[in-house]
**Q** 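This is the structure, below, for whatever I ask next.
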2 protein chains.
Amino acid sequence: MKLQQLRYLREIAKQKLNLSKAANALHTSQPGVSRQIQLLEQELGVEIFTRHGKRLTSITQPGLAILETAQRMLQDADNLKKIGNEFNDKESGTFVIATTHTQARYVLPPVIKRFIERHPKIRLSLRQGSPIEISTWVSSGEADLAIATEAIELFDELVMLPCYEWNRCVVVPPRHPLLQLKELTLESIAQYTIITYDFAFTGRSKINQAFESRGLKPNVVLTALDADVIKTYVEIGLGVGILAKMAFDPARDKKLRAIDAAHLFEPSTTRIGICRNSYIRHYIYDFIEMFATHLDTETINRLLRNPEN
Amino acid sequence: MKLQQLRYLREIAKQKLNLSKAANALHTSQPGVSRQIQLLEQELGVEIFTRHGKRLTSITQPGLAILETAQRMLQDADNLKKIGNEFNDKESGTFVIATTHTQARYVLPPVIKRFIERHPKIRLSLRQGSPIEISTWVSSGEADLAIATEAIELFDELVMLPCYEWNRCVVVPPRHPLLQLKELTLESIAQYTIITYDFAFTGRSKINQAFESRGLKPNVVLTALDADVIKTYVEIGLGVGILAKMAFDPARDKKLRAIDAAHLFEPSTTRIGICRNSYIRHYIYDFIEMFATHLDTETINRLLRNPEN
DNA sequence: TTCCATTACGGGGCACGTAATAATT
DNA sequence: AATTATTACGTGCCCCGTAATGGAA
């Protein structure tokens, strides 16, 4: 059994059973891949794929089990390389953070500034996407870390590290009637059209819950992928915005006013997602601790071992 | 990077850094091993071993990390083969149970009888040893399962599945004074010389605890590795025996009398130890469920994922 | 007809074995 | 002197790439 064969296998699965595409993606020849898969099947004594004549049509039951194990082996092979780099040259390497707009725009900048000051030789990159995309990237090894608020509990191979809780605010144009109220209520908000995050994003479900629990049906006229869009539409008077408090900056957003809404919605927790089986280089530990000071190396390791404590 | 290289690495570590012995154990040549290790070190960019001239003297820090990952990869490689066999021929295979005397002699026989009736083509073997040895075998993959009562919590890579609790009894020759008592007490036992299990065996520590908590210093004249030896010496009048209740069979042990001692000593729990990352063939699930009916496949899988629930 | 997997075949790289060497104990 | 790791060197296997073939859509 060769690691190559497992790489071929993984790529075929990734390319939805198209062997030619897999060969292409791996910059090798079609026959080579075909042959190695056959050899692997022969060695293990089972068919990994079902074939209709000369097409791969599906993965067999043993094939699934094999694929799963193969993926872990390949990840470990990557880990070996990471270990090599780690001790080889501690201060260079790559670091891919997958995150959502809100984090990238409002939370991460100061952290990243400190990080690149401390680790100038690390090639850092940010990949922005939806929570689902983010999780996929991390679990496939394309990214090292996910930072998001929702929907990353779905992936088995990711371990979630709670970082901090945050609340929401309501943003309105200056002189908006809501600014006159002594205390902001859900009922008063519901009188206006609402602009907020898209579903499956930054704690959107918490907003829905709050309104539903009071029997209110808010009129959401626009859902956006990021806070900047929301603010823009609030500015032009399309409605009131509900967004994460950290996404409002009085110095910057002079054309808007924010009203604290912490008492109206459940707080959300932002988490770091990290692939359970991946080797963690020292600068990644360092980054995590910068981002959430309570997550020191020891704590992280404990959480990685016992996911649910 | 080649799996062979990792095998060489693992074997060198196993042979305490003696490269020649490793080459021998793997039925290959010394230079081949040496060379491949060098290539691996070169590829990963770190030294795995420290060398004094031409001797391997120790494993470096990165070497340790590499070794650990390599071992998991090799185990996964084994798992792939197991998966192959599993689907290839469901009813043949091998099954090595590592266990202690007490289990092998008094508990396992009926279970094993049923097992070989149901899976006649499986090559089953029992390996008897001390709890430490047993754990080592399972964690190194030499055995599939450990069945024991103590000391198997020490190995990180083993998951323990609690099977059943058991208590102790005191065995004495016929017409022994202890048989006249209305109720057996630790004080009355302590008046006699005692024969029981060796340290680190079948719940020996529970026995010590009980006496100590009453401020008693029992006079243990003989410690044995198994119940048969204990019984033999009790028969010849050397003292009273304390052993697992299941190790006394009135039909067989006609020259002895047993007195229940469940109220004197904390019960012990017998557990199955299984290597966290190994692929479990269906007949092994089957065996475990025969041994402890509450451990069905689903329960086992859950425990494997969340070790401590 | 096109796309795609498999079979056929040849070349080159590399893993392994034997032999020789060097360094420790 | 004995043990043990490394270097030198040749051979054979096997992986891979090109070309050709055979099924599916």
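Proteins come first, then strands; the chains are lettered A, B, ... in the order of their sequence lines, and each starts at number 1. For the numbers below, each heavy atom of this structure counts, side chains included, while hydrogens, waters and symmetry mates do not.
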**Q** Side chains of B:Q36 and B:Q4: closer than 4.5 Å at any heavy-atom pair?
**A**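 B:Q36 does not reach B:Q4 side chain to side chain.
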**Q** Using a cut-off of strictly less than 4.0 Å, decide whether B:N18 has a side-chain nitrogen or oxygen near OP1 or OP2 of D:dT3.
**A**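 B:N18 to D:dT3 OP1/OP2: no side-chain N or O under 4.0 Å.
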**Q** Expressed as a whole number of angstroms, how long is the span from B:E41:CD to D:dA5:P?
**A**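 Those two atoms, CD and P, are 13 Å apart.
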**Q** Contact between B:I300 and B:Y285 at the side-chain level, heavy atoms closer than 4.5 Å - yes or no?
**A**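 Yes, their side chains come closer than 4.5 Å.
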**Q** Determine the stems involving DNA chain C; a stem requires 3 or more consecutive pairs of the Watson-Crick or G-U wobble kind, each with both distances below 3.5 Å, and the answer is none if no such run exists.
**A**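 Stem list for DNA chain C: C:1-25 with D:1-25.
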**Q** Between A:Q30 and A:S20, do the side chains contain an N or O donor and an N or O acceptor separated by less than 3.5 Å?
**A**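 Yes, because at least one side-chain N or O of A:Q30 sits under 3.5 Å from a partner of the opposite role on A:S20.
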**Q** Under a 3.5 Å distance rule, please check whether A:E41 uses its side chain to pair with a backbone N or O of A:I48 as donor and acceptor.
**A**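 Checking the backbone N and O of A:I48 against the side chain of A:E41, a donor-acceptor pair under 3.5 Å is found.
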**Q** Using a 4.5 Å cut-off on heavy atoms from C-beta on, say whether the side chain of B:L9 contacts that of B:F49.
**A**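 With C-beta onward as the side chain, the pair touches.
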**Q** Is there a side-chain contact between B:Q103 and B:T149, using heavy atoms and a 4.5 Å cut-off?
**A**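 Result yes, sub-4.5 Å side-chain heavy-atom pair found.
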**Q** What I want to find out is whether B:E86 reaches B:R281 closely enough, with some N-O distance under 4.0 Å, to be called a salt bridge.
**A**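 Counted as a salt bridge, because a side-chain N and a carboxylate O are separated by less than 4.0 Å.
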**Q** Would B:D76 and B:N79 count as a side-chain hydrogen bond (donor to acceptor under 3.5 Å, both in side chains) here? Give the steps.
**A** CA-CA 5 Å; B:D76 272 334; B:N79 288 343; 3.3 Å; yes
**Q** D:dA24 C1' sits how many Å from A:L17 CG, rounded?
**A**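 It is 15 Å, rounded to the nearest whole Å.
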**Q** Could you pull out all residues at least two apart from B:D286 that satisfy salt bridge (charged side-chain N to carboxylate O under 4.0 Å, His left out)?
**A**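 Once residues adjacent in sequence are excluded, the partners of B:D286 under the salt bridge (charged side-chain N to carboxylate O under 4.0 Å, His left out) criterion are B:R118.
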**Q** Rounded to whole Å, how long is the line connecting atom CZ of B:R51 with atom C1' of C:dT24?
**A**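 About 15 Å, once rounded to whole Å.
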**Q** Between B:Q42 (CD) and D:dT7 (P), how many Å, whole number?
**A**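 It works out to 11 Å between those atoms.
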**Q** In whole angstrom, give the distance that lies between atom CG of A:L40 and atom P of C:dA5.
**A**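 Checked: the CG to P distance equals 17 Å.
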**Q** What is the distance from NZ of A:K16 to P of C:dC4, rounded to the nearest Å?
**A**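 So the NZ-P distance, A:K16 to C:dC4, works out to 14 Å.
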**Q** I need the residues from residues 55-78 of chain A with at least one non-hydrogen atom less than 4.0 Å from DNA chain C; give them sorted by number, or say none.
**A**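 Those residues are A:R55.
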**Q** In whole angstroms, how far is the C1' atom of C:dC4 from the CG atom of A:N24?
**A**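 Those two atoms, CG and C1', are 12 Å apart.
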**Q** What pairs with B:F115 under ring-ring contact (aromatic ring centres under 6.0 Å, His included), at least two apart in sequence or on another chain?
**A**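 B:F115 satisfies ring-ring contact (aromatic ring centres under 6.0 Å, His included) with B:F95, B:H119, B:F287 once adjacent residues are dropped.
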**Q** Taking protein heavy atoms under 4.0 Å as touching, what does nucleotides 9-21 of chain D look like 5' to 3' if B marks base contact, S marks sugar-phosphate-only contact and - marks none?
**A** ------SSBBB--
**Q** Rounded to the nearest Å, what distance is computed from the CG atom of residue A:L19 to the P atom of nucleotide C:dT7?
**A**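 A:L19 atom CG is separated from C:dT7 atom P by 12 Å.
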**Q** Excluding sequence neighbours, so at least two apart, what forms salt bridge (charged side-chain N to carboxylate O under 4.0 Å, His left out) with A:E142?
**A**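 A:R127.
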